[in-house]
Amino acid sequence: MRVLVTGAGGYIGSVLVPKLLDQNHDVIAFDRFFFGTGPLDPVADHPGLRLERGDVRTLPHARLHGCDAVCDLAALSNDPSGELSPELTLKINFEARRRLAEMAKSAGVARYVLSSSCSAYGRSGRQPVDEDAPTNPVSTYAKCNILAEQAILALDGDGFTAVAQRNGTVFGVSPRMRFDLIVNLMVLTAATQGRITVLGGGRQVRPLIHVGDVADAMIALLAAPADRVGGRIFNAALANLNARAVAMLVRQTLNFPVDIVIAPDDADKRSYAVATERMRQTVGFEPAISVEAGIRQVYQAIFDGTVEEGPKTRTVEWYRFLIDANETLRDVVLDGKVL
């Protein structure tokens with residue numbers, strides 16, 4: 001297939017693109033590349049890859065001509081990032097994705113997989129909920145994901161198969177590394193400080209999944225029979241663990257002394273566990289990489305120096321830098337002239 005991947009240079013996209021190329025798909029990797037093109041350097045010379053820089057809000061209709069499928073990952077990622085500019089989040093995470101899906105259908109694209117988030121469940125608690133459970137979003141990011149799901153899944157039919165994949169909290173090594181995710185961050189602080197700080201008393205629950213498994217799940221949804229997946233939502237997760245349990249697992253897996261500090265409160269009130277039977281029974285997909293394996297992978301990458309902490313590994317911090325830089329640039333430009 002020829003697959004358009006939006007958000008191709010991100011944490012998930014830079015893992016998904018090489019996997020698609022390995023399966024002999026042609027890939028158009030479309031992104032603003034806020035984090036640079038470096039994450040795709042390992043496959044930059046691949047004959048099946050076309051790298052394109054652009055804004056998904058203005059992606060031209062013609063770009064979809066000849067495409068067989070779209071994997072839509074372009075979004076301001078995670079709940080804190082969405083609150084930096086709720087208006088911008090709405091435009092990118094909902095309006096732009098709705099527009100892209102509408103153009104894809106009109107251009108004859110056969111399959112559309114939306115990368116969504118289990119944060120849609122918000123405060124569902126410890127009992128795992130399935131895809132038919134009521135959503136309870138507590139952030140702009142989650143609300144926009146739900147709006148995008150509703151708009152895009154409504155387009156399913158007439159030769160256009162639309163499906164939404166709700167990802168759990170992702171962990172593991174990626175060419176565009178993130179250390180603002182619970183497992184990765186805990187491994188980082190354990191490795192560099194000998195300490196893990198657990199916020200909110202450690203009671204908040206998250207469904208966890210390795211970044212490689214997220215990519216494999218999307219590929220499985222690309223290939224699944226249309227009549228089994230069209231117009232449906234699929235949770236993608238491996239295990240539901242609370243924050244305290246994750247900290248204990250990190251310490252146990254690394255097998256060196258690590259202090260665990262439990263902080264009493266946290267502004268983030270999300271707590272949700274998800275059921276994953278639909279993905280397994282309908283698509284035949286099950287995550288293959290354990291949390292322990294992901295912990296060891298991240299630690300080894302830190303130890304080897306193949307990943308390094310920096311502003312680009314913390315999404316909110318990097319977005320804030322870009323916003324501040326843009327505002328500074330506007331301040332020094334008057335009537336189209338740089339002062």
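- At least one side-chain heavy atom of Leu88 sits less than 4.5 Å from a side-chain heavy atom of Arg57.
- By the 4.5 Å heavy-atom criterion applied to side chains, Asn235 and Glu277 are not counted as neighbours.
- For Asp55 and Arg32, the salt-bridge test passes: some basic side-chain N is under 4.0 Å from an acidic carboxylate O.
- In this structure, a donor-acceptor pair under 3.5 Å is absent between the side chains of Thr140 and Thr89.
- Between Ser115 and Asn167, the side chains place a donor N or O and an acceptor N or O closer than 3.5 Å (distance only, hydrogens not considered).
- Side chain of Asn240 to backbone of Pro128: no donor-acceptor contact under 3.5 angstrom is found.
- Within the 4.5 Å cutoff, no side-chain heavy atoms of Leu222 are placed close to those of His25.
- Donor-acceptor pairing under 3.5 Å is recorded for the side chains of Asn145 and Arg97.
- Ion pairing of Arg278 with Asp132 is present here, as a side-chain N (NZ or NE/NH1/NH2) and a carboxylate O approach within less than 4.0 Å.
- Looking at heavy atoms from C-beta onward, Met186 lies in side-chain contact with Ile196 at the 4.5 angstrom threshold.
- Within the model, atoms CE of Met218 and CD1 of Ile12 stand 7.5 Å from one another, a figure rounded to the nearest 0.5 Å.
- A cation-pi contact, defined as under 6.0 Å to the ring centre and within 45° of the axis, links Arg166 to Tyr121.
- Side-chain contact check for Tyr299 and Asp304: no donor-acceptor pair (N or O, by modelled atom type) lies under 3.5 Å.
- Distance OH/Tyr112 to CG/Leu4: 8.5 Å, rounded to 0.5 Å.
- Under 4.0 Å is where a charged nitrogen must lie from a carboxylate oxygen, and between Glu95 and Arg99 no such pair does.
- Between Phe179 and Val298 the shortest side-chain heavy-atom distance falls below 4.5 Å.
- The pair Asp31-Arg53 does not meet the salt-bridge criterion, since no charged nitrogen lies less than 4.0 angstrom from a carboxylate oxygen.
- Listed for the Arg232 side chain is a donor-acceptor partner under 3.5 Å among the backbone atoms of Arg228.
- Checked against side chain to side chain donor-acceptor pair (under 3.5 Å), Thr6 has the following partners two or more places apart in sequence or in another chain: Asp72.
- Rounded to the nearest 0.5 Å, atoms OG1 (Thr197) and CD (Gln193) are 7.5 Å apart.
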